[in-house]
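Quick notes on the structure that follows.
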Amino acid sequence: MLKMTHLSKVYRTEVVETYALRDFNIDVKEGEFVAVTGPSGSGKTTFLTIAGLLETFTGGEYHLDGIEVSQLNDNARSKIRNEKIGFIFQAFNLIPDLNVFDNVEVPLRYRGMKAPERKERIMGALDRVGLASRAKHYPAELSGGQQQRVAIARALAGSPRLLLADEPTGNLDTQMARGVLELLEEIHREGATIVMVTHDPELAARAQRNVHIIDGQVVDLAEDPRFHTAYTAAAGQIRS
Amino acid sequence: MMQIKPILSALRRHKAGTVLIALQIALTLAIVCNALYIIHERLAHIAEPTGVDEPNLFAMANLWGEQYTKQQAAAKIEQDLITLRQLPSVADATPTNGYPLRGGGWDNFITMKPDQVDKTTDAAVYAGDEHFLRTFGLKLIAGRDFNADEVRDMGLREAVTPPVTIVSKTLADRLYPKGDALGKSFYSMSSTPITIIGIVDTLHRQDVSTWSAPYKGQSLIWPLRLAQPMGVFYVVRAKPGQLADAMREAPKALYAENRMRMFPAKDGLVDYRQIRQEAFERDRGMAILMGVICVVLLAITAAGIIGLTSFWVGQRRRQIGVRRALGATHRDILHYFLTENLLISVGGVAIGTVLAFALNLWLKQNFALESLPLIYVLSGMVILILLGQGAVFAPALRASRVPPIEATRPA
Ligand SMILES: Nc1ncnc2c1ncn2[C@@H]1O[C@H](COP(=O)(O)OP(=O)(O)OP(=O)(O)O)[C@@H](O)[C@H]1O
Ligand SMILES: [Mg+2]
C-alpha cells in the first residue's frame, strides 16, 4: 500500500540543511495498522506529510498503492489525496467558518459527488462518530474530543483506503483519546490501512505493528534495545 | 458553482467585510451608471449638428465708436457687407442677431392662434436677410428663400413682426406634425399671422443650455436686417479652404473703411472651432468630471476588493491548506475566491440597481436629467462584476498557491 525506499527529505534554509528523513525505508501492507513513534524532531510528521502527498521529497522512491508518486503533477496528487487518503491532524483542522455538516462535506464536494450521496455519507459518518445531532454546530461550539471526532468523520466520509493520523489524541485527555482510538480500530477492522503517529506507548501498543523513527530513519527496536530505552525516556519527557 | 451554499454560509460568518464591500459595489454602480448616462447626454449634446457650413464660417461682433440713427446704422452695415462680400476669399456675408451655438439669443413663444394664452412651443429666432441661407449654407428642403424686398430694417427697441418666415424642419414638424407646414401660419407674440414660406433641413438654436433641451432644433428665420449700432454680428462664409485668409482680410478691410469701430476680444472674430469650444466648455467639463469620478470610484472599489480579499486569504491560509490536503486543486481554490467575490458582487449590484434608479429619480427632479435607460444599469452591472473578478484574481491566485502542507503548520 505504502512503500518508501531510500527516501530522503532535506529542508534547506539559508543557513542550514536539515535532513528530516534520510535513507528512510518502510513498507506498509494493505490493511495494516501501524503506529509510528519516536522522539520529538525525529521526522514523524515529515514522514506522514510525504506519505499523504502534502509534501514532496528530496530523494529515493515512494510507491503509493503501486504508483510512483514523484512524477505526479499537482492535480493528480490532489485527486489521490481526495480519493484515497484520509487525514486526521493533531490540531483537528476543522474549517471554523463551516458547520459540522459542511466540514465533513468538503472532501466530498471536491470529489464532485452528487448532493444526495454526499448527504447520506455525511450523516452516516457523523452517526458513526456519534455526532449526528451536532450537524448544525460550528467547530467553536464543540469540545476538543468532539472536534476530533468530526475530523475523523470527515476522513471517513470519503471511505479512504489509507488513513493518516498525526498524534490524533495529542490534544485530548485519556478518556477521549481512548474513544478516538476505538474509532480508529473499528475503521481498521473494516479494511482501511492506518498509519498513526503517537507519543503514547500505550496507544502504540494497541497497533498491529510499531515503527520507530530516530533521526529521520526507521529503527528496529526489537533488534536494538538501546534505542528502546532512549525512546521511552524521550517519550516520558514529552508527556511530563 | 457547486460551492455556492458553503461559500454563502462562510460569508455569513464574515458579515462586516461582506456587507461593506457589497455596499461599496452598490454605491459605485449607482453613481457610475448615472455618471455614464450624463457623459452620454453631454457628448450627444456636443455632437448635435448645427446645420450650417461650420468649416468655412466665421462671425464678427462689430461695435461702432459713434452713435448712429437707424438710417445711418443701416447704411453703415450695408456698406460693411458690400466690403466683405467683395473680398476675394469671401463667398458671402450676412448681418444677423446671432448664430447657432453662440449661447443666449432671441427666443419667442409660438402659438397657433393670436389669442392663445399658453404657448404651443418655443423657437429660437434668427434675424437674416436674403443672404442668410446662402451664407450659413443652410439646406432649403421646401419652399423658397427670402426676396430682397421682403427684408425689413429693424431699429433699436423696435418691435417688428414680419409676415413671412423660414423655419427649421424640427419646428415645422412640431407645429404641423402631418408635414404640411409650408404655406401655413402661426403667431409669435403679436396678432400678425406669420406664414411659413420655406423650410430648412437643420438649424440649431443659438442657445446651448439645458433649459432649451425640449425645444432642441426649433428655429425660425425672420427677414429682418438689424439697423442698430450694436448687437449686430457679421457672419462670413469663406470660399472653401480660405477661412484663414478671410479671417485675416475681413477686419483689415472693415478698419480701412471706417476706423471708428472695434471687434471685442470675446466674439469679435471667431470661427466654429472656437464657437464649439466655448459653447460646450461646460458640457465637456462635466463629461470629464463624471469620467474622473467613475474612474476614481471604480479604482477605490477595486482596491477595496483587493484589500479585503488579501486580508481574507491571509486569515484563511490554514483552512486553504486544509482544503488542499482534502483534495482541492489550485483551480478549486481559485474558483472558491472568484465565486465568493461573484456572490458579493451580485448582492452589491442588486442593491446598486435600486440605488441607481433612486439616484436617477433625484437627478431628474433636480437637474433635468432624463430617465436612466436600462442598458446603462446593465452595462454598469457587467463593469462592476468584471471589475470584481479582475480585482479578486491576484489574491485568489495567491490563495491557490498556498501549499497543502500549510494544513499541518501549528496554528
Ligand atoms: N518546514 C521546515 N523547515 C525546516 N525544517 C523543518 C521543517 N519541518 C520540519 N523540519 C525539521 O525536520 C525535522 C523533523 O521534523 P518533524 O516535524 O517531522 O518531527 P516530528 O517527529 O514530527 O516531531 P514532533 O514529535 O515534535 O512532532 C526537525 O528537525 C524539524 O526541525
Ligand atoms: Mg510531529
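Side-chain atoms are counted along with the backbone in the values below, which use heavy atoms only and exclude waters and symmetry mates. Protein chains get the first letters and strands the later ones, always in sequence-line order, with residue 1 at the start of each.
- Looking at heavy atoms from C-beta onward, A:R81 lies out of side-chain contact with B:L326 at the 4.5 angstrom threshold.
- For the atom pair CD1 (B:I405) and OG1 (A:T46), the distance works out to 7.5 Å, reported to the nearest 0.5 Å.
- There is no contact between A:R77 and chain B, counting heavy-atom distances below 4.5 Å.
- At most 12 non-hydrogen atoms from other residues, nucleotides or ligands lie less than 6.0 angstrom from CZ of B:F393.
- A 6.0 Å sphere centred on CD of B:Q315 holds more than 12 heavy atoms belonging to other residues, nucleotides or ligands.
- Of the possible polar contacts, none joining the A:N93 side chain to the B:V322 backbone as a donor-acceptor pair under 3.5 Å is found.
- Within the 4.5 Å cutoff, side-chain heavy atoms of B:T408 are placed close to those of A:L54.
- With values rounded to the nearest 0.5 angstrom, A:Y138 atom OH is found 5.5 Å from B:S9 atom OG.
- Sparse packing is recorded around NZ of A:K119, with 12 or fewer heavy atoms of other residues, nucleotides or ligands lying under 6.0 Å away.
- Side chains of A:L98 and B:Q319 form no contact here, defined as non-hydrogen atoms less than 4.5 Å apart.
- Residues B:A325 and A:F89 share a closest heavy-atom pair of CB-CZ, 4.2 Å.
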Go through the steps to decide whether B:R324 and A:D74 satisfy the test salt bridge (Lys or Arg N to Asp or Glu O under 4.0 Å), and finish with yes or no. CA-CA 10 Å; B:R324 295 279 284 123; A:D74 192 84; 2.8 Å; yes
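- A salt bridge links A:D102 to B:K5: one of the charged nitrogens lies within less than 4.0 Å of a carboxylate oxygen.
- In this structure, A:S78 and B:A328 approach most closely via the heavy-atom pair OG-O, 3.4 Å.
- Your options are B:H330, B:R316, B:R331, and the one with the most heavy-atom pairs under 4.5 Å with chain A is B:H330.
- Looking only at side-chain heavy atoms (C-beta outward), A:I95 and B:R323 come within less than 4.5 Å of each other.
- Counting non-hydrogen atoms of other residues, nucleotides and ligands closer than 6.0 Å to CG of A:D215 gives a total of 12 or fewer.
- Of all residues spanning residues 10-43 of chain B, those with a heavy atom less than 4.5 Å away from chain A's heavy atoms are B:A10, B:R13, B:H14, arranged by number.
- Enclosure of atom CZ in B:F311 is not indicated, since only 12 or fewer non-hydrogen atoms of other residues, nucleotides or ligands lie within 6.0 angstrom.
- Atom CD of A:E30 has more than 12 neighbouring heavy atoms from other residues, nucleotides or ligands inside a 6.0 Å radius.
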